[in-house]
Every structure is written in C-alpha cells, then in structure tokens.
Amino acid sequence: MATGHFDFARLIAVAMSNPSTAKTAISPRREEDFPEWYQQVVRAAELAEPSDVRGCMVIRPWGYGIWENMQRQLDAMFRATGHRNAYFPLFIPLSYFAKEAEHVAGFAKECAVVTHTRLEVDADGKMKPSSPLTEPLVVRPTSETIIGASYAKWVQSYRDLPILINQWANVVRWEMRPRLFLRTTEFLWQEGHTVHETEAEACAETKQMLDVYEKFVRDHLAIPVYSGEKSESERFPGAVQTLSIEAMVQDRKAIQAGTSHFLGQNFSRASGIQFQNREGKQEFGWTTSWGMSTRMVGTVVMTHGDDDGLILPPRIAPTQIMILPITPKEETRAKVLEACDKLARELRDQRYADLALEVDVDRRDIGGGTKNWEWIKKGVPLRVEIGPRDLESNSVAVSRRDQPMKRKASMSRQEIVSRVPEILDSIQQSLFERAKKFRDEQTRVIESKKDFYDFFTPKNSAKPEIHGGFALAHWNGSRESEQQIKNDLKVTIRIIPFGESEKGRCIFTGEPSSRRVIWAKSY
RNA sequence: CGGGCUGUGGCUCAGCUUGGUAGAGCGCCUGCCUCGGGUGCAGGAGGCCGUGGGUUCAAAUCCCACCAGCCCGACCA
C-alpha cells in the first residue's frame with residue numbers, strides 16, 4: 001500500500017511539471033468568449049448538435065440522458081404533489097388558439113401553422129402540398145387552449161375539481177436566433193395545467209409548483225435561484241400573474257429556470273371551463289400552468305462548466321462513475337478488465353439518492369489520455385482508474401470532476417465502494433456552493449441610477465467583456481422607466497422578490513418604492 | 001420582416017482579382033511506435049467546388065437568376 005501511494009505522488013509530480021497540461025480542453029476559455037465556449041462544450045460533451053432543419057437540434061444520448069434524469073426527478077415531484085400525466089394533441093385548431101386575445105397576440109409571431117395535407121407532384125416534378133385544410137392548425141407553442149377544450153368537457157361541478165394534470169411534450173416556437181438548448185425552434189418540456197374551485201387555491205398551486213421547481217433545481221441541478229414575480233411586461237401572455245425562478249450563469253446573465261402562472265379565469269372564460277359551485281351557480285374555473293424545458297440542460301452547462309468542459313451534478317449525470325482500465329501491456333489487459341468489471345458490479349449495488357448508481361467501464365481500445373479527456377469534457381462526476389499496479393496494491397485512483405484534473409486520490413477498492421455515496425454527495429454539494437458563491441459575489445445592492453448604469457455598461461464597448469450581474473435596486477413600478485432601462489442597457493427586471501418590503505426611493509424616478517427588484521441582462 | 005457577408009471532402013478554410021476541371025489543417029481508416037495525461041511516424045479513403053442558365057476551345061474562377069446559411073437590428077422556455 002505504501003508503494004502505491006509513493007507511485008502516485010511521483011506520477012502527479014511529473015504531470016504537474018509538464019507545461020502541456022496547462023492547456024484547457026475547451027477553447028476559447030470562458031472569459032475569452034463565453035457564447036463560443038458554450039457551443040464548444042455542448043459539442044465536445046456530445047450533448048447535442050445543430051440539425052439540417054433550421055433552428056432545430058439533435059439531442060444526443062449523453063444530453064438526452066441528462067434530460068431523462070431531470071424528467072424522472074421532476075415527474076416524481078409532480079406525482080408527490082398529486083399531479084398525473086396525460087397527453088394532448090400537437091395541433092391546435094386556429095379558432096381555439098385565437099380564443100384568448102392576449103395569448104394569441106403574445107405567440108402569433110412565433111407560430112408554425114399547418115395549412116395543407118397531402119403532397120402531390122406538380123408539373124415540374126416537385127412535391128407540393130395539395131389540399132388546403134378548412135381550418136389551419138397551429139403547432140402548439142404551449143397548450144393552454146387545446147387542454148382547455150378538454151377541461152371544458154370534464155368540468156361540470158365543483159366536485160370535479162381540482163384537475164391536476166401534467167404533460168411531457170415537444171413544442172414549437174419559431175424563434176429568430178436559435179442556440180442549442182437555450183433557444184431552439186422545437187424543444188422538449190413539461191407543462192402542467194390545473195383547474196381549481198377558488199382563486200386562493202389556484203394561487204396556492206401556482207406558488208407550490210414554483211417551490212417544486214426551486215427545490216428541484218437546488219437539490220438535483222445544484223443551482224441556486226432567486227424566486228419571485230415577473231413584472232407586467234415580462235408576464236406570460238394571458239396570465240394574471242407569472243412567477244419564476246432565476247439562475248445566474250457564469251457570464252453573469254440571468255436565465256429563467258422555471259415559470260408558474262396564475263391564469264385567473266382568463267383561459268377558462270376563453271375555453272368555457274365552467275362549473276356549478278357550492279351555491280349552485282355557474283362559475284368559471286381558476287386555472288394555472290407551469291413549465292420547465294430542455295433549456296435547463298443548457299443552464300447546467302453554463303452554471304457548472306469550466307474550461308475543460310462540462311461538469312455534471314451527480315444526481316443528473318447519466319453515468320456517475322466511469323471506470324477507466326489502464327492497459328499498458330497486453331499480458332495484464334485481461335486481468336485489469338476483469339478487475340474493472342468486478343468493481344463496476346460492486347459499485348452498482350450501492351444506492352445513491354434513491355437510485356442505483358450508474359457505473360460504466362470504458363473498455364474501448366484507444367489512447368488512455370484521449371479516453372480520460374473525453375470523460376472530463378463530458379463531465380462525469382467520478383473517474384476511477386485501475387491499472388496493473390493497482391491490482392497488486394488493491395487500490396484505485398479516483399478523480400473528482402469538481403476538482404483539478406491532476407488531483408487523484410488513491411484509495412483501496414473497499415474504500416471507494418463504501419464511500420461512493422458520500423463522495424458524490426460532496427461533489428453535488430460543492431457544485432451548489434461554488435455556484436452560490438459566484439452568484440452572491442456578482443449580486444450588488446445599487447442605490448443610484450449612475451451606479452446602475454456603470455454596473456451594466458461594458459468597459460470596452462467594441463469587445464464587451466463579461467460584466468454586470470444581478471442588481472438589487474428600488475423601483476416604483478413605472479413601466480416607462482423599465483422600458484427605458486431595457487432600451488439603454490438591455491437590462492430587465494428578472495423578478496420582484498416575494499414578501500420582504502423595504503421603504504426607499506426608485507433610483508430612476510425618485511418616487512417612493514416599497515421594495516427592491518432584481519435587474520439583470522438575461523437569456 | 002429590414003441591412004451586410006458567405007456557399008469548395010465529415011469540420012474549419014485556401015484557391016477566384018490575372019479562366020486551363022482542386023489543396024491545407026483537423027477528423028476518419030490501416031500499420032508500426034507509444035500507452036498511469038489528449039503522443040509520434042508512415043501509408044490511405046473521401047469532393048461532378050450550393051442549384052439552374054449564360055459567356056468561352058475551356059468555368060470553382062467571369063455574368064445572370066434562384067436557393068440556402070451566417071452576422072447586425074425588433075421577440076422568447
């Protein structure tokens with residue numbers, strides 16, 4: 001055992017003296033060009049790639065595995081709060097969609113519309129749509145109206161309420177500037193749609209689901225968020241109130257991580273969701289909707305990634321532990337592989353976060369360094385190396401992705417097996433703390449308009465560096481000042497935090513203000 | 001939807017001004033050397049140069065049209 005430790009110490013010393021290891025796996029580095037860094041990470045980690053279809057992406061197995069883990073965790077939380085899954089049509093008749101005026105206005109520009117069926121060969125030999133539909137179909141950008149049509153049939157009496165349904169689906173929003181995961185024409189999400197007997201109950205549901213999102217993002221994605229209400233201008237089209245959780249990613253911009261809407265009776269009026277209440281009178285239902293999308297995959301990348309690629313929180317990693325056989329000599333190869341398989345079996349028997357551990361052995365016959373770097377870029381939380389020397393000393397070399405790549409811990413096989421849940425928890429925890437520290441450091445209390453403008457104005461306008469962050473500043477609710485800030489700085493109110501009031505004066509208008517709001521540039 | 005740029009092997013691009021029917025790097029394949037840090041060497045596969053038309057003995061190169069994509073301005077999970 002002592003010799004095992006000695007060997008590693010020497011090995012690490014050699015690695016650290018080699019200047020070539022200073023090179024980062026991803027270029028450019030984050031501070032050089034953050035958007036480009038993001039794209040390179042998504043590609044290097046094989047999460048997704050652009051498709052030939054404009055604005056659409058192909059989600060590759062590693063990226064989809066992350067999404068599936070998110071789905072599984074979220075889905076369990078929805079069930080635990082009494083929701084059940086169902087599925088509604090992809091196509092929404094234009095007339096349904098048009099029922100809620102603000103809603104259509106908000107989504108009209110980004111709707112894909114199906115106007116024809118069947119293809120026919122024209123005179124030039126080209127295929128072209130032939131039969132116009134009597135009524136165009138909107139490809140859902142969100143499903144309030146089509147789900148509302150069903151709810152209208154299902155709801156007769158207060159006894160039918162509440163209705164608590166979620167659907168996992170794809171939606172289409174014809175966006176101008178696609179970016180993998182963050183903004184694509186088609187994306188995957190979950191949308192919850194509920195109907196309640198009273199306004200208070202619907203409001204409570206809206207808040208409850210926001211809390212579910214906050215907990216999910218904190219506990220599973222290791223991302224700290226601020227939660228609160230959206231200002232009127234940022235509200236979901238047709239909603240009475242929109243709540244959201246906002247995360248900060250490493251270029252200091254805000255990203256909306258989940259939203260929950262209190263829809264009042266707007267959509268039930270539009271769809272005719274009516275019930276006979278306890279007094280025997282007809283009343284419109286009180287509805288909510290809430291959603292979280294594949295955008296969260298991009299958010300994880302931008303929150304935790306470093307200059308060597310992705311870093312995955314263990315709870316959502318498709319594989320938590322990758323075992324890397326070191327097979328320098330053909331003679332020892334079989335033995336090493338056998339030891340790897342055995343360790344994988346032992347590790348898989350361990351439980352972590354109520355799940356069986358996902359452990360793989362990378363037995364591909366490619367260069368050891370190449371292989372190692374691949375898993376670094378993919379963000380696997382733990383890499384475990386086993387080589388011929390380890391067989392003799394009954395040890396393994398363990399690398400944590402949240403720590404410098406050169407740091408390896410040598411431990412016995414028994415030790416790694418028994419300590420794995422604890423180590424993964426420690427990684428999960430350290431990622432959260434690192435992200436929280438970063439966010440807190442980039443959040444400023446701002447007291448004057450000048451400081452506000454300074455905070456959000458890049459020092460070098462030709463090549464804007466990463467700048468700004470979250471600003472906590474008093475605002476009196478004036479829509480004009482909000483619009484002015486957006487025009488001047490591209491900074492918007494991300495949320496109006498719940499509860500906590502503090503008397504002060506709006507830093508833009510000088511009018512009395514009852515609370516600070518969070519301002520930031522955003523995705 | 002308004003303004004600028006670009007379409008050449010899987011990817012990034014050179015070649016175009018001064019027409020003579022293709023090049024580099026990366027990636028990929030094979031072999032050898034390496035292998036506890038993304039290595040090296042040798043060989044190889046892969047392109048009717050976005051599409052259609054025109055000029056010409058001859059077009060990746062010049063002209064016209066079309067199509068597609070990228071960047072910049074208004075929207076968004």
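Just so it is clear: chains get the letters A, B, ... in the order the sequence lines come, proteins before strands, and each one is counted from 1.
Across all strands shown, B:G50 is found opposite B:C66 as a Watson-Crick or G-U wobble partner, with both distances under 3.5 Å. The partner of B:G9 is absent, by the rule that a Watson-Crick or G-U pair needs both atom distances under 3.5 Å. Across every strand in view, B:C28 sits in a pair with B:G44 that passes the Watson-Crick or G-U test at under 3.5 angstrom. B:G36 is unpaired under the Watson-Crick or G-U wobble criterion, no partner having all donor-acceptor distances under 3.5 Å.
Spacing between B:G50 and B:U12 at atom P, rounded to whole Å, works out to 15 Å. Only the P atoms considered, B:C70 is 23 Å distant from B:G15, to the nearest whole Å. One P atom belongs to B:G52, the other to B:A14, and the distance between them is 24 Å to the nearest Å. Spacing of P atoms, B:U30 relative to B:C67, comes out at 44 Å, to the nearest Å. Rounded to whole Å, the P atom of B:C13 lies 34 Å from the corresponding atom of B:U55. For the P atoms, the distance linking B:C41 with B:C33 amounts to 16 Å, nearest Å. Comparing the C1' positions of B:G2 and B:G10 gives an interatomic distance of 35 Å, to the nearest angstrom. A distance of about 16 Å separates the C1' atoms of B:A59 and B:U51, rounded to the whole Å.
When each of B:G36, B:G38, B:A77 is scored by its nearest atom to the side-chain atoms of A:E385, the top-ranked nucleotide is B:G36. Relative to the side chain of A:K109, the nucleotides B:A77, B:C75, B:C35 differ in distance, and B:C75 lies closest. Checked against B:C35, B:G38, B:A77, the side chain of A:P328 finds its nearest nucleotide in B:C35. Ranking B:G38, B:G36, B:C11 by closeness to the A:I326 side chain, first place goes to B:G36. Residue A:R389 has its side chain nearest to B:G36 when only B:G36, B:C75, B:A77 are considered. Looking at the side chain of A:T370, the nearest of the listed nucleotides B:G36, B:A77, B:G38 is B:G38.
A:K486 comes within contact range of the sugar-phosphate backbone alone, with a heavy-atom separation under 4.0 Å but no base atom that close. Among the heavy atoms of the strands lying under 4.0 Å from A:L182 is at least one base atom, whether or not backbone atoms are also near.
Taking atom CG of residue A:L188 and atom P of nucleotide B:A77, one finds them 17 Å apart after rounding to whole Å. Look at CD1 on A:I245: it is 14 Å from P on B:A77, rounded to the nearest Å. In this entry the distance linking CD of A:Q256 with C1' of B:C75 reads 14 Å, nearest Å. To the nearest angstrom, P of B:G27 lies 13 Å from CD1 of A:I366. Atom CD in A:E330 sits roughly 12 Å away from atom P in B:C33 (whole-Å rounding). Between the CD atom of A:E36 and the P atom of B:C70 there is a distance of 14 Å, given to the nearest Å. Distance CD1 (A:I223) to C1' (B:A77): 14 Å, rounded to an integer number of Å. Whole-Å rounding puts the A:R43 CZ to B:C26 P distance at 15 Å.
Between the A:K371 side chain and the A:D362 main chain, a donor and an acceptor come within less than 3.5 Å of each other.
Mapping A:G387 and A:Y523 onto RNA chain B by nearest heavy atom places A:G387 at the nucleotide closer to the 5' end. RNA chain B is contacted by both A:T184 and A:A25; A:A25 maps to the nucleotide lying nearer its 5′ end (nearest heavy atom per residue).
More than 12 heavy-atom neighbours from other residues, nucleotides or ligands sit within 6.0 angstrom of CZ on A:R333.
Less than 6.0 angstrom separates the ring centroid of A:F267 from the ring centroid of A:H103. Taking the six-membered ring for Trp and the full ring otherwise, A:F181 and A:W67 have centroids separated by 6.0 Å or more.
Residue ring and base: A:F187 counts as stacked with B:A77 (centre distance below 5.5 Å, interplanar angle below 30°).
One can find a donor-acceptor pair under 3.5 Å joining the base of B:C76 and the side-chain atoms of A:R183.
Just one of A:K377, A:R401, A:R30 meets the salt bridge (charged side-chain N to carboxylate O under 4.0 Å, His left out) condition when paired with A:D306; it is A:R401.
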Run the side-chain contact (heavy atoms from CB on, under 4.5 Å) check on A:E144 and A:H193 step by step: do they pass? CA-CA 7 Å; A:E144 276 74 7; A:H193 294 271; 3.4 Å; yes
Take A:T332 and A:L391 through the test side-chain contact (heavy atoms from CB on, under 4.5 Å) and record every step on the way to the result. CA-CA 10 Å; A:T332 53; A:L391 295 187; 5.7 Å; no
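The side chain of A:K329 contributes no N or O atom lying less than 4.0 Å from OP1 or OP2 of B:U34.
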